Amino acid sequence: MSDFNSIIAISQNCQTPVFALTKEQIQQEDKHYGKVLESTLKSQNTFKDTFSNLADTIINLTSNNV
């Protein structure tokens, strides 16, 4: 799994799931603008995709055992 420390810290400070953070929350918490903001938003999307894929895998594995 990629290194998501920065986005997770923002998530914890805002008490909001990583995938639900708004652009404004990210900017306010970490003063991200320009290319740094773009990179953070890309990291957020990667986190969302990774988490979703993992959740789908768990659901599929547990559904087949029932």
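Predicted model only: the values in this text are computed from it and were never measured. Hydrogens, waters and symmetry mates are skipped; everything else that's a heavy atom, side chains included, is used. The chain is numbered in sequence order, starting from 1.
- The CD atom of Gln27 lies 10.0 Å from the OG1 atom of Thr40; values are rounded to the nearest 0.5 Å.
- Annotation: side chain of Ile8 is in contact with side chain of Phe47 (closest heavy-atom distance under 4.5 Å).
- The two atoms that bring Pro17 and Ser11 nearest to each other are C-OG, 3.6 Å, heavy atoms only.
- With hydrogens and angles disregarded, a donor-acceptor distance shorter than 3.5 Å links the side chain of Ser63 to the backbone of Ile59.
- Between the NZ atom in Lys23 and the CG atom in Leu37 there is a gap of 5.5 Å [rounded to 0.5 Å].
- Residues Gln44 and Leu21 share a closest heavy-atom pair of NE2-O, 2.9 Å.
- In this structure a side-chain-to-backbone donor-acceptor pair under 3.5 Å is present from Thr50 to Thr46.
- Considering only heavy atoms from C-beta on, Thr16 stays 4.5 Å or farther from Thr22 through its side chain.
- A distance of 10.5 Å separates CG in Asn13 from CD in Gln28, rounded to the nearest 0.5 Å.
- Here the CZ atom belonging to Phe51 is positioned 10.5 Å from the CG atom belonging to Asp56, to the nearest 0.5 angstrom.
- Here the side chain of Ser52 pairs no donor or acceptor atom with the backbone of Lys48 at under 3.5 angstrom.
- The structure places CD1 of Ile26 at 4.5 Å from CG of Leu41, a figure rounded to the nearest 0.5 Å.
- Nearest heavy-atom pair across Ala20 and Gln25 is O-OE1, 4.0 Å.
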